[in-house]
Amino acid sequence: MSYDTIARKLGAGENIILDGGTGTDIQRRGVPMHGDTWCADANGTHLDVVREVHESYISNGADIITANTFATSALSFNAYGRDDDVVRLDGLAVSAALQAAEGKHVAVAGSMSTMRPVYAGTDRTNLDIMWSEGDAKKLFRRKA
């Protein structure tokens with residue numbers, strides 16, 4: 001992984017190419033998506049596909065790949081009683097990204113979302129669940 005390459009390109013005014021929709025590509029490759037947590041559980045069930053997605057972006061010129069951590073939202077996982085899974089699944093996601101980037105001039109980024117839980121069986125956000133500012137900060141601090 002090479003953050004020096006990114007810094008050099010930025011300093012020279014060159015473009016930096018970020019990968020695309022990692023979760024969407026995982027889904028496109030046939031990995032079953034979880035009704036509540038979308039592509040997050042793929043880190044625990046199909047890590048080889050997650051790594052292959054990163055490798056594909058690298059081979060197509062990405063300078064930065066983003067670990068599959070967007071869908072492991074601290075808010076939604078908290079609402080589902082899965083706080084510890086955020087740490088476990090994020091660890092697997094980062095591991096897959098680092099493996100894909102090993103020996104290449106590619107940086108690895110993480111992603112944090114504010115995805116909230118959905119109503120069961122729908123894609124509708126459940127706004128009935130609220131967190132205090134302090135509780136939300138604790139959840140996001142733990143994820144970070």
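Numbering of residues begins at 1 and proceeds along the displayed sequence.
- In this structure, Ala40 and Thr72 approach most closely via the heavy-atom pair CB-CG2, 3.5 Å.
- Heavy atoms only, all atoms of each residue included: Thr125 and Tyr119 are closest at O-CE1, 3.4 Å.
- A donor atom on one side chain and an acceptor atom on the other are found under 3.5 Å apart for Thr37 and Asp41.
- Residues passing the side-chain contact (heavy atoms from CB on, under 4.5 Å) test with Asp85, sequence neighbours excluded: Phe77, Arg82, Arg88, Leu89.
- Tyr57 contributes no side-chain N or O that, together with a main-chain N or O of Ile64, makes up a donor-acceptor pair within less than 3.5 Å.
- Looking at residues two or more places apart in sequence or on another chain, you find a side-chain contact (heavy atoms from CB on, under 4.5 Å) between Val31 and Ile26, Met33, Ala42, His46, Val49.
- Interatomic distance, His105 NE2 to Lys9 NZ, rounded to the nearest 0.5 Å: 10.5 Å.
- With rounding to the nearest 0.5 Å, the separation of CG in Leu92 from CZ in Arg51 is 12.0 Å.
- Distance check: Cys39 SG to His34 NE2 gives 12.0 Å after rounding to the nearest 0.5 Å.
- Counting all heavy atoms, side chain and backbone alike, Ala100 lies closest to Ile58 at O-CD1, 3.3 Å.
- Here the CG atom belonging to Asp83 is positioned 4.5 Å from the CG atom belonging to Asn78, to the nearest 0.5 angstrom.
- Evaluation of the side-chain contact (heavy atoms from CB on, under 4.5 Å) rule for Arg28 yields Asp25 as partners, not counting sequence neighbours.
- Linking Ile, Leu, Val, Met, Phe, Trp and Tyr residues whenever their side-chain heavy atoms come within less than 4.5 Å leaves Phe140 and Val94 in two separate clusters.
- One finds the CG atom of Asp63 at 4.5 Å from the CD1 atom of Ile6 (value rounded to the nearest 0.5 Å).
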**OP:** May I have the step-by-step check of side-chain contact (heavy atoms from CB on, under 4.5 Å) for Thr69 and Met112, ending in yes or no?
**Re:** CA-CA 7 Å; Thr69 58; Met112 292 177 66; 6.0 Å; no
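- For Asp123, the side-chain contact (heavy atoms from CB on, under 4.5 Å) test picks out no residue, with sequence neighbours left out.
- Sequence neighbours left out, the pairs with a member in residues 132-144 that pass salt bridge (Lys or Arg N to Asp or Glu O under 4.0 Å) are Asp84-Arg142, Asp90-Lys143, Glu133-Lys137.
- Checking side-chain atoms of Ser113 against main-chain N and O of Phe70 turns up a donor-acceptor pair under 3.5 Å.
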**OP:** Report the C-alpha distance between Val118 and Arg124 in whole Å, list the side-chain angles of each, state the deciding distance to 0.1 Å, and finish with yes or no for side-chain contact (heavy atoms from CB on, under 4.5 Å).
**Re:** CA-CA 5 Å; Val118 296; Arg124 308 300 292 176; 5.9 Å; no
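- Note that the CE atom of Met115 and the OG atom of Ser76 stand 4.5 Å from one another [nearest 0.5 Å].
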Using atom types as modelled, flag every donor-acceptor pair under 3.5 Å from a side chain in residues 10-21 to any protein atom, sequence neighbours excluded.
residue: Asp19; atom: OD1; partner: Thr66; partner atom: OG1; Å: 3.1
residue: Asp19; atom: OD2; partner: Thr22; partner atom: OG1; Å: 3.4
residue: Asp19; atom: OD2; partner: Thr66; partner atom: N; Å: 2.7

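- Ser73 places no side-chain N or O within donor-acceptor distance of the main-chain N or O of Thr114, the cut-off being under 3.5 Å.
- In this structure the side chain of Pro117 reaches within 4.5 angstrom of the side chain of Ile129, judged on heavy atoms.
- In plain terms, the two heavy atoms of Trp131 and Leu75 that are nearest each other are CZ2-O, 3.2 Å.
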